[in-house]
Amino acid sequence: MKVVLEVTFRMGGVSYRGNRWEDDALVFEFERLGDAFIQVLSSRKVEEEVEKAPAKVLVELRTKEGGKVFEAVEENGVYRAMEP
């Protein structure tokens, strides 16, 4: 099945690194590791083929300062999230 994620980040410079399963949750991995970023909303759309429907979809953003994990909400077959 195809899972579509649309996520909005607060700054540019974000790279998609892949996904992994944590129990029944599908985790999409992103990172922002540079020193200077454009202070503008940045949207990314990712489509992945997976073997089963996830119970929930999480977005993990790794940064030099650590990282954040936030949940995406399913809306009309598309998971949407925004960096807190």
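Note that this is a predicted model, so its numbers are computed, not measured.
Within the 4.5 Å cutoff, no side-chain heavy atoms of Val7 are placed close to those of Ser43. Looking at heavy atoms from C-beta onward, Asn19 lies out of side-chain contact with Val27 at the 4.5 angstrom threshold. Counting only heavy atoms from C-beta outward, the side chains of Glu48 and Leu26 never approach each other to under 4.5 Å.
Hydrophobic clustering (side-chain heavy atoms under 4.5 Å, transitive across Ile, Leu, Val, Met, Phe, Trp, Tyr) keeps Phe28 apart from Val69. Side-chain heavy atoms closer than 4.5 Å link hydrophobic residues (I, L, V, M, F, W, Y) into clusters, and following such links, possibly through other members, connects Phe70 to Val14. Under the 4.5 Å side-chain contact rule for hydrophobic residues, Val46 and Val50 share a cluster.
In terms of the side chain to side chain donor-acceptor pair (under 3.5 Å) criterion, Glu74 has no residue partners (sequence neighbours excluded). Every residue meeting the salt bridge (Lys or Arg N to Asp or Glu O under 4.0 Å) condition with Glu47, not counting sequence neighbours, appears here in chain and number order: Lys2, Lys45. Phe30 is linked by a ring pair (Phe, Tyr, Trp, His ring centres under 6.0 Å) to Phe9, Tyr16, counting only residues two or more places apart in sequence or in another chain. Legend: residues meeting side chain to side chain donor-acceptor pair (under 3.5 Å) with Glu51, ordered by chain and number and at least two apart, are Trp21.
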Show me the donor-acceptor pairs within less than 3.5 Å that the side chains of residues 55-63 make with the rest of the protein, sequence neighbours left out.
{"unit_1": "Glu60", "atom_1": "OE1", "unit_2": "Arg20", "atom_2": "NH1", "d": "3.2"}
{"unit_1": "Glu60", "atom_1": "OE1", "unit_2": "Arg62", "atom_2": "NE", "d": "3.4"}
{"unit_1": "Glu60", "atom_1": "OE1", "unit_2": "Arg62", "atom_2": "NH2", "d": "3.4"}
{"unit_1": "Glu60", "atom_1": "OE2", "unit_2": "Arg20", "atom_2": "NH2", "d": "3.1"}
{"unit_1": "Thr63", "atom_1": "OG1", "unit_2": "Glu65", "atom_2": "N", "d": "3.4"}
{"unit_1": "Thr63", "atom_1": "OG1", "unit_2": "Gly66", "atom_2": "N", "d": "3.4"}

Let me have the donor-acceptor pairs involving side chains of residues 75-84, under 3.5 Å, with sequence neighbours excluded, atom names and distances please.
{"unit_1": "Glu75", "atom_1": "OE2", "unit_2": "Arg80", "atom_2": "NH1", "d": "3.3"}
{"unit_1": "Arg80", "atom_1": "NE", "unit_2": "Glu6", "atom_2": "OE1", "d": "3.2"}
{"unit_1": "Arg80", "atom_1": "NH1", "unit_2": "Glu75", "atom_2": "O", "d": "3.3"}
{"unit_1": "Glu83", "atom_1": "OE1", "unit_2": "Arg10", "atom_2": "N", "d": "2.9"}
{"unit_1": "Glu83", "atom_1": "OE1", "unit_2": "Arg32", "atom_2": "NH2", "d": "2.8"}
{"unit_1": "Glu83", "atom_1": "OE2", "unit_2": "Lys68", "atom_2": "NZ", "d": "2.7"}

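Annotation for Gly12 and Ser42: closest pair CA-CB, 4.1 Å, computed over non-hydrogen atoms.
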